[in-house]
Amino acid sequence: MAKTRIIATIGPASHQADTLKALKKAGMSVARLNGSHNTLDWHAQTIALLRATLPDTPVLLDIPGRKIRTLQLKHEPSFDKGQIIILTTDTSHNGEEKIPVGYDKLHERLTAGDHIFADDGTLSFQVVKIEGRDIYLRADMAGRLKSRKGINVPGIDLGQALITDKDRSMIAFAKENNVDYIGISFVESARHVEAIRALIGGNTPRIVAKVENSGGIEHLEEVIAAADVIMIDRGDLAVETSIDRVSLYQKHILRAASLAGKPTIVATELLHSMIENPLPTKAEVSDITNAVLDGAAAVMLSGETAVGRYPLEAVARIAGVARLAEEYLARGAAQSPLTAVNDIREAISALTRSLPVTRVIVFSRTGYSVRLAAMANIGVPIVALGNDAAAVRSWNMLPGVSGLLLAQIDLTQQETERQALQALAKSGLINASDFLLLVSARQDNQHISGNILRTLSAEAFLQHHATPEQNFSAEGV
């Protein structure tokens, strides 16, 4: 399996139990749900199905936030270049005469001459006039405006609240349904992240901050510092900034997040052609390869697995391309030591480069040390041990990490290491040929204090510690 995590969006093409199992086998690491589509009842049923079918797979729920979309339409209008169509904030319409949108003040924020984009920038319009709640648009090209498609108005303050009522209800839903990660749209500040974290009121769900406009780029460092995971949503980023600069912004974000030890997801159209075709384009393969080479912790599929004709083939393809990119990196010269970081990654990297380490074992409560080990780019499997089931499951999002629940072992006690290694040996997760690097951050919410790293021959340990039947167990989560 590729070290790079593969996130697959679950939708009508993939929400059956057999398909979910096949997606997992093909390489899916994380299941994503798009809160802009389907009902909360559908999402609740799908989460329950995921938990029953793939209990160790983290779930990411992307919530709409401040993103404006068309509503569900009875009629999805087609139009020619130069034709006038009408957007409206009157939600009683269904698309037959006017196309309703989900932000009730949009008509108040626009003026004649403004430019509007839709569907990740594939459609563009110019505002001709505003009449009441109706926005008259002239199409710049022929096309079709579909249900639940994003609406972008670059460079104009739309006056939306930092946290919407929809955010509050969906965060409550995520907590009730034990979602592992929440994706937040149009994050532009640490204040936005912390406001969401205050609503969550705990360690989980963890926060994925989506960088998708100029505000997110301008305040990138503070957003990275505040969030748990970063997502590069290239669809909105291209529309809100400049499509010509998207690849440069992607490299900039990946580098900044990597230096901070935060995992980054690269999203949008990685295998867009495979929605309809069984084979990708060469440009798509190159795109995935470069994302992995530049340090992406995860790559994400959207329509390819939610509504596409070839969801299994898409996951298998992206996993295979990612694996080849990882092998290319592994064949190269030893990676340069990490610099400009104030954490334990450099020590982990140095030890795995200079010693024949075959497995890294991380003891953690909050997940801080697990994230740092995962972001050290060591190319060695990592087993992360913890007591909290939700936290341990969420660690499976991190590259190269397998979370393992040790529910009955107290991680604060001196006997932790011996008991944990016995449990791992009993479960067949380590054997006599392994040379282990043990990472224990006693205060793992701190950068330096309490970090302990040591190496251990599994053979020597197993010779001195028999593993009779124990009163504890290790479970994958």
### Aromatic ring pairing His43/Phe173, orientation class (parallel under 30°, perpendicular over 60°, tilted between)
perpendicular
#### Entry: Under 3.5 Å donor-acceptor, Lys175 side chain and Ile200 backbone
yes
### Message
Contact between Val266 and Val292 at the side-chain level, heavy atoms closer than 4.5 Å - yes or no?
### Response
no
#### Entry: Interatomic distance, Ile253 atom CD1 to Ile230 atom CD1 [nearest 0.5 angstrom]
8.5 Å
### Reported CG-to-OG1 distance for the pair Leu23 and Thr305, which is rounded to 0.5 angstrom
7.0 Å
### Task
Applying side-chain contact (heavy atoms from CB on, under 4.5 Å), run through Thr57 and Asn396 and close with a yes or a no.
CA-CA 7 Å; Thr57 299; Asn396 289 325; over 6 Å; no
### Message
Salt bridge check, Arg32 against Asp62: does any charged N sit closer than 4.0 Å to a carboxylate O?
### Response
yes
### Query
Counting only N and O atoms by type, is there a donor-acceptor contact under 3.5 Å from the side chain of Asp167 to the main-chain atoms of Ile163?
no
### Task
Check the side chains of Glu76 and Ser147 for a donor-acceptor pair under 3.5 angstrom, ignoring hydrogens and angles.
yes
### Short side-chain to backbone donor-acceptor contact, Lys74 and Glu96, under 3.5 Å
no
### Query
Does His219 offer a backbone N or O that forms a donor-acceptor pair with the side chain of Glu222 under 3.5 Å?
no
#### Entry: Chi angles and distances behind the side-chain contact (heavy atoms from CB on, under 4.5 Å) call for Leu301, Ile7
CA-CA 6 Å; Leu301 299 173; Ile7 303 174; over 6 Å; no
### Message
Check whether Ser349 reaches the backbone of Arg345 with its side chain - one donor and one acceptor, N or O, closer than 3.5 Å.
### Response
no
### Message
Closer than 4.0 angstrom, basic N to acidic O: yes or no for Lys98 and Asp90?
### Response
no
### Query
Is any side-chain heavy atom of Asp56 less than 4.5 Å from a side-chain heavy atom of Lys24?
yes
### Message
side-chain contact (heavy atoms from CB on, under 4.5 Å), that's the test. Do Ile182 and Ile171 meet it? Break it down for me.
### Response
CA-CA 8 Å; Ile182 292 179; Ile171 288 169; 4.0 Å; yes
### Query
Can any side-chain N or O of Ser258 pair as donor or acceptor with the backbone N or O of Leu254 at less than 3.5 Å?
no
### Query
Rounded to the nearest 0.5 Å, how far does CD1 of Ile217 lie from OH of Tyr249?
6.0 Å
### Task
Would you indicate whether Arg255, at its atom CZ, is surrounded by more than 12 heavy atoms from other residues, nucleotides or ligands within a distance under 6.0 Å?
no
### Asp236 versus Asn152, side-chain donor and acceptor atoms under 3.5 Å
yes
### Message
Is it the case that the side chain of Arg5 and the backbone of Leu398 share a donor-acceptor pair, with hydrogens and angles ignored and the cut-off at 3.5 Å?
### Response
yes
### Query
Is a donor on one side and an acceptor on the other found under 3.5 Å between the side chain of Asp228 and the backbone of Ile207?
yes
### Query
Do we see a donor-acceptor contact under 3.5 Å between the side chains of Arg133 and Thr89?
yes
### Task
Would you tell me whether Ser36 and Lys67 have side-chain atoms, one donor and one acceptor, within less than 3.5 Å of each other?
no
### Query
Gln250 side chain to Ala291 main-chain N or O, any donor-acceptor pair under 3.5 Å?
no
### Within-4.5 Å side-chain heavy-atom neighbours: Arg317 and Ile288
no
### Query
If you measure from the Lys or Arg side-chain nitrogens to the Asp or Glu carboxylate oxygens, is any gap between Asp180 and Arg51 under 4.0 Å?
yes
### Chi angles and distances behind the side-chain contact (heavy atoms from CB on, under 4.5 Å) call for Ile63, Lys166
CA-CA 8 Å; Ile63 67 177; Lys166 186 71 175 290; over 6 Å; no
### From Ile318 atom CD1 to Leu271 atom CG, the distance as rounded to the nearest 0.5 Å
5.0 Å
### Option from Thr111, Ile135, Val153 for which side-chain contact (heavy atoms from CB on, under 4.5 Å) with Val127 holds
Ile135
### Message
Taking Arg234's backbone N and O only, do any of them form a donor-acceptor pair with Thr268's side chain (distance below 3.5 Å, no angle check)?
### Response
yes
### Query
Of all heavy-atom pairs between Tyr310 and Glu276, which one has the smallest distance, and what is that distance?
CE1-O, 3.4 Å
